[in-house]
Amino acid sequence: MLSFALVGCGRIAKRHSELLGHGQIPNARLAAVCDLDEEKAKAVGEKFDVPYYTDMEHMMESENIDVVTVLTESGNHAQNVLQLAKYGKHIVVEKPMALTLDDADAMIEACYANSCRLFVVKQNRFNVPVVKLREALEDNRFGKLILGTVRVRWCRPQEYYDQASWRGTWAQDGGVLTNQASHHVDLLEWMMGDVESVFAKSMTALVDIETEDTAVVTLKFKNGALGIIEATTAVRPKDLEGSISIMGGKGSVEIGGFAVNKMLHWNFDSEVTGDDEVMEKFSVNPPNVYGFGHQEYYEHVVSSILEGCPHMVDGLVGRKSLELITAIYESIETGQEVFLRFKPKMCKLGQVHE
C-alpha cells in the first residue's frame, strides 16, 4: 500500500483527493494534505479524515509518505518539486510540469540525484478511445501520416480568471496553450511524432488577462506530416469540444467529446478483427470523464512503482511537450517559424510580466 500526500488543495485537488481518499486506486491511500491556505487544507483533510498541513516540509517530516502529488500553481511546480526531491519520495506533478525548460531540467536532475521517480500527469493518454487510436498507430494502420489536428474549444469567462490572481499570468500560469490545451498538444506530438518546426499566432479576445485566450498553430513533423492546433477559451456561452483527428494514407480517426473521450470516426482501408466493434466498445469513456482518466493514470503510477517497471509519462516526456509549447510561444513573439531544438529568447512563459 502506497501512502500519497497532496501538496495544493485548490480546484484540481478535488479529482485527486476523491480517487485516493475514497480508495478507488488499488494499493494506494491518501495519507496527508497540505496547502498554504489553512482553510483549504483543513477542508480536504477533514473530508477524508487525514492530517492537514500548511508547511509541506513539516508534513514530509511528520508523516510516512511514499508519493507526493504536486497540485500547486503551474509556476510553483518546479520550486515545490526541488524542495520535495530531497526526501527521496516519488513525485507526481500536474501539467505542465514547469513553465521554463531550465526548471524542467532542474526537476529531472533533482529527482534523479535523489533516486525518486518523477511522474507528469497526462491523464488523457489513458482515455479509452485514445488508447485504441494509439494501438492503431503502433500497428501502422494509417500508413503514411498526413495531417494531425487538435481542437480545444472551451469556455472560460472572466469570472474563472478572477477566482485566483495567478490565472492568466505569464509567471504562474500561461494561457490556453499552457493550461487548457497542454494535454492536447501532448497527444498530438505523441501520435504524430517529433516536431520539426512551428508557426503560431495568438490573441487575447474576450478576457482581461496577460496571456492568450485564443491561438492557432501550424506544425511540420519530422516525418513530413503537417499539424494544426486550434485552442481557445473564448467559446461562448459554453464548451464545445476537445478533440484530435489523425489522417494517413490508409485511414483516418477522429476523437471528440468534451475531453477527447468520444470516438467519432474510425475508418481504415483494410478492416481487421474487432473494427466492427470499435464504435460500440471504445466510443465513450465510462461515466466521469476526468475521473476515469485520472484513475487509470494513478493505477499506472502505482503499478510502475510497485513493480519497478517504466512509466509512460516521466520527466523527459513532460519536458518534451513543454519544449513544444515554449517553441509555439517563441513563434508568437517573433512572428517567425521556430525550429526545434532551440534556445528560447523571447518566450514570456514563466517570466514576470512588466
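Hydrogens, waters and symmetry mates are skipped; everything else that's a heavy atom, side chains included, is used.
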Is a side-chain donor or acceptor of [X] paired with a backbone partner of [Y] at a separation under 3.5 angstrom?
X    : Y    : value
T214 : T232 : no
D103 : A78  : no
N223 : A225 : yes
E330 : C347 : yes
N114 : A110 : yes
Q351 : A171 : no
H77  : A98  : no
S245 : V253 : no

Does a side-chain heavy-atom distance below 4.5 Å link [X] with [Y]?
X    : Y    : value
V7   : L71  : no
F339 : E196 : yes
V121 : T69  : no
V278 : M263 : yes
D314 : V120 : no
L84  : K89  : no

Does the pair R167 and R11 meet the rule for a side chain to side chain contact (heavy atoms under 4.5 Å, CB included), with working shown?
CA-CA 12 Å; R167 288 183 178 166; R11 187 169 181 251; 3.4 Å; yes

Is it true that atom CD of E138 has more than 12 heavy atoms of other residues, nucleotides or ligands lying nearer than 6.0 Å?
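It does: E138 CD has more than 12 such atoms within range.
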
Does NZ or CZ of K250 fall inside the cone over F142's six-membered ring, less than 6.0 Å from its centre and within 45° of the axis?
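Here K250 fails the 6.0 Å and 45° test against F142.
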
Atom pair [atom1]/[atom2] of [X] and [Y] - distance to nearest 0.5 Å:
X    : Y    : atom1 : atom2 : answer
R15  : L20  : CZ    : CG    : 14.0 Å
H90  : D66  : NE2   : CG    : 7.5 Å
S252 : N267 : OG    : CG    : 4.5 Å
E296 : N124 : CD    : CG    : 12.5 Å
L101 : R341 : CG    : CZ    : 10.0 Å
E73  : Q79  : CD    : CD    : 10.5 Å

Cluster question for you: counting only ILVMFWY and a side-chain heavy-atom cut-off of under 4.5 Å, with indirect links fine, are [X] and [Y] together?
X    : Y    : result
V216 : L147 : no
F126 : L306 : yes
Y112 : V301 : no
M346 : I325 : no
I255 : V131 : no

Can you list every pair that meets ring-ring contact (aromatic ring centres under 6.0 Å, His included) and has a residue in [range], with sequence neighbours left out?
range            : answer
residues 303-335 : F119-H311, W170-Y329
residues 9-39    : H16-H294, H16-Y298, H22-F48
residues 184-210 : W154-H184

Cluster companions of W166 among Ile, Leu, Val, Met, Phe, Trp, Tyr (side-chain spacing under 4.5 Å):
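When side chains under 4.5 Å apart are linked, W166 ends up in no cluster with other residues.
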
Other ILVMFWY residues reachable from Y160 by side-chain steps of under 4.5 Å:
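Y160 shares its hydrophobic cluster with Y161, V207, I209.
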
Is there a side chain to side chain contact (heavy atoms under 4.5 Å, CB included) between V92 and V67? Walk through the geometry before answering.
CA-CA 7 Å; V92 175; V67 190; 3.9 Å; yes

Not counting sequence neighbours, which residues clear ring pair (Phe, Tyr, Trp, His ring centres under 6.0 Å) with [X]? List them please.
X    : answer
H58  : Y53
Y52  : none
F221 : none

Do K320 and D194 pass the salt bridge (Lys or Arg N to Asp or Glu O under 4.0 Å) test, and can you show the C-alpha distance, the side-chain angles, and the key distance before you say yes or no?
CA-CA 9 Å; K320 188 173 184 179; D194 291 341; 2.5 Å; yes

Quick one: sort the F268 and W266 rings into parallel, tilted or perpendicular, breaks at 30° and 60°.
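Rings of F268 and W266: perpendicular, as their planes differ by over 60°.
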
Is the closest basic N to carboxylate O distance between [X] and [Y] below 4.0 Å?
X    : Y    : value
R141 : D275 : yes
D186 : R125 : yes
R151 : E230 : no

For E277, give me all partners under salt bridge (Lys or Arg N to Asp or Glu O under 4.0 Å), at least two apart in sequence or on another chain.
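K281.
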
E337 versus S197, side-chain donor and acceptor atoms under 3.5 Å
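A pair is found: one side chain offers a donor N or O, the other an acceptor, under 3.5 Å apart.
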
Sequence-distant partners of D276, side chain to side chain contact (heavy atoms under 4.5 Å, CB included), two or more places apart:
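None.
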
Would you please name every residue forming a side chain to side chain contact (heavy atoms under 4.5 Å, CB included) with E307, sequence neighbours left out?
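In terms of side chain to side chain contact (heavy atoms under 4.5 Å, CB included), with neighbours along the sequence ignored, E307 is linked to S303, C309.
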
Using the rule given for side-chain hydrogen bond (donor to acceptor under 3.5 Å, both in side chains), can you reason through N179 versus K95, listing the C-alpha separation, both sets of side-chain angles and the distance that settles it, and then say yes or no?
CA-CA 8 Å; N179 193 328; K95 58 78 185 170; 2.9 Å; yes

side-chain hydrogen bond (donor to acceptor under 3.5 Å, both in side chains): which pairs involve residues 26-47, sequence neighbours left out?
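Passing the test, one end in residues 26-47: S3-R29.
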
Quick one, M312 with V317, criterion side chain to side chain contact (heavy atoms under 4.5 Å, CB included). Give me CA distance, side-chain angles, the key distance, then yes/no.
CA-CA 8 Å; M312 186 183 293; V317 173; over 6 Å; no

Between N80 and T72, is a side-chain hydrogen bond (donor to acceptor under 3.5 Å, both in side chains) present by the stated rule, with each step listed?
CA-CA 8 Å; N80 295 151; T72 53; 2.6 Å; yes

Mind running side chain to side chain contact (heavy atoms under 4.5 Å, CB included) on L137 and L145 for me, showing each step along the way?
CA-CA 9 Å; L137 275 163; L145 290 175; 3.8 Å; yes

Could you please spell out the steps behind the salt bridge (Lys or Arg N to Asp or Glu O under 4.0 Å) verdict for K86 and E57?
CA-CA 10 Å; K86 65 185 180 184; E57 304 260 4; 3.2 Å; yes

